[in-house]
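For reference, the structure discussed in these notes is given below.
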Amino acid sequence: MTRKQRRLTMIGGSLAVLAVAAALVLNAMRDSIVFFSTPSMAAEKQIPAGKRFRLGGLVQPGSLVRGDNLAVNFSVADGAAKLPVAYKGILPDLFREGQGVIAEGAIDATGVFRADTVLAKHDETYMPKDVADALKKQGHWKDDYGAKPSASAVPTQGAPK
């Protein structure tokens, strides 16, 4: 075997090992990727029961029902559709009706979204890009969602409050 053939064999073998490693990594990541959907998108896509995804929208006012052993039921809406959510666990401190929320889980056979994680938006100006885009698309976007507080509204250090 000539020097050139050995070099080509080494390069070919290295590329084959790299391709197998990349395939294994991508295959492992495929199961952990979770996509974001609004209730309207979930209805349009007809997501099958048991498939994990993230559900985002606003907690429907008047839908929050607390049960025994930290069980909570509420509805998430995006203006066009709403989806009932069941969650068992401690809710974030900022969770309340009318606020933005992202829940991770799957729809069960009865059409209820069974969440195992619930996240609430952290302040009044934060909006995930996907949620903002969905609200803009449906005409529910307010211009003050992305507004930053004015300099006069921010207290300076040492100033009386």
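Predicted model only: the values in this text are computed from it and were never measured. Atom set for the values below is all heavy atoms of this structure, side chains included, hydrogens, waters and symmetry mates excluded.
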**Study point:** Separation of Thr117 OG1 from Arg54 CZ (nearest 0.5 Å)
**Key:** 8.5 Å

Practice item. Would you mind reporting whether Phe113 and Val76 have side-chain heavy atoms less than 4.5 Å apart? Key: no

Which donor-acceptor pairs under 3.5 Å do the side chains of residues 1-14 make with protein atoms, sequence neighbours left out?
residue	atom	partner	partner atom	Å
Thr2	OG1	Gln5	N	3.3
Gln5	OE1	Thr2	N	3.1
Thr9	OG1	Gln5	O	2.7
Ser14	OG	Met10	O	2.9

Study note, to complete from the structure: On a heavy-atom basis, the closest approach of Lys88 and Asn69 is CE-O, 3.1 Å

Review point. Can you find a heavy atom in the side chain of Arg52 that is under 4.5 Å from one in the side chain of Asp116?
Key: yes

Check your understanding: What closest approach, in Å, do Ala42 and Ser37 show between heavy atoms, and which atom pair accounts for it?
Key -> N-CB, 4.3 Å

Study note, to complete from the structure: Contacts of Tyr87 meeting ring pair (Phe, Tyr, Trp, His ring centres under 6.0 Å) (sequence neighbours excluded), chain-then-number -> none

Review point. Looking only at heavy atoms, what is the nearest atom pair of Pro84 and Ser75, with distance?
Key: CA-OG, 4.1 Å

Study note, to complete from the structure: OG1 of Thr38 to CG of Leu55, rounded to nearest 0.5 Å, is 8.0 Å

Check your understanding: If Ile, Leu, Val, Met, Phe, Trp and Tyr residues are connected whenever their side-chain heavy atoms lie under 4.5 Å apart, and connections chain through other members, are Ile102 and Val112 in the same group?
Key -> no

Study note, to complete from the structure: Taken to the nearest 0.5 Å, the spacing of Lys82 NZ from Leu58 CG works out to 13.0 Å

Point to revise | Pairs touching residues 105-114 that satisfy side chain to side chain donor-acceptor pair (under 3.5 Å), sequence neighbours left out | key: Asp108-Thr110, Asp108-Arg114

**Study point:** Minimum side-chain heavy-atom gap Val118-Pro92 below 4.5 Å
**Key:** yes

Check your understanding: Between Gly56 and Pro39, which heavy-atom pair has the shortest distance, and what is it?
Key -> O-CD, 3.4 Å

Check your understanding: Is it the case that one hydrophobic cluster holds both Met41 and Val85, taking links as side-chain heavy atoms less than 4.5 Å apart, direct or via other members?
Key -> no

Revision key, fill the gap. Between the CD atom in Gln60 and the CG atom in Leu83, the distance rounded to the nearest 0.5 Å is 11.5 Å

**Study point:** Within 6.0 Å of CD1 in Ile90, more than 12 heavy atoms from elsewhere
**Key:** no

Check your understanding: Could you give the distance from CG (Leu94) to CD (Gln99), rounded to the nearest 0.5 Å?
Key -> 7.0 Å

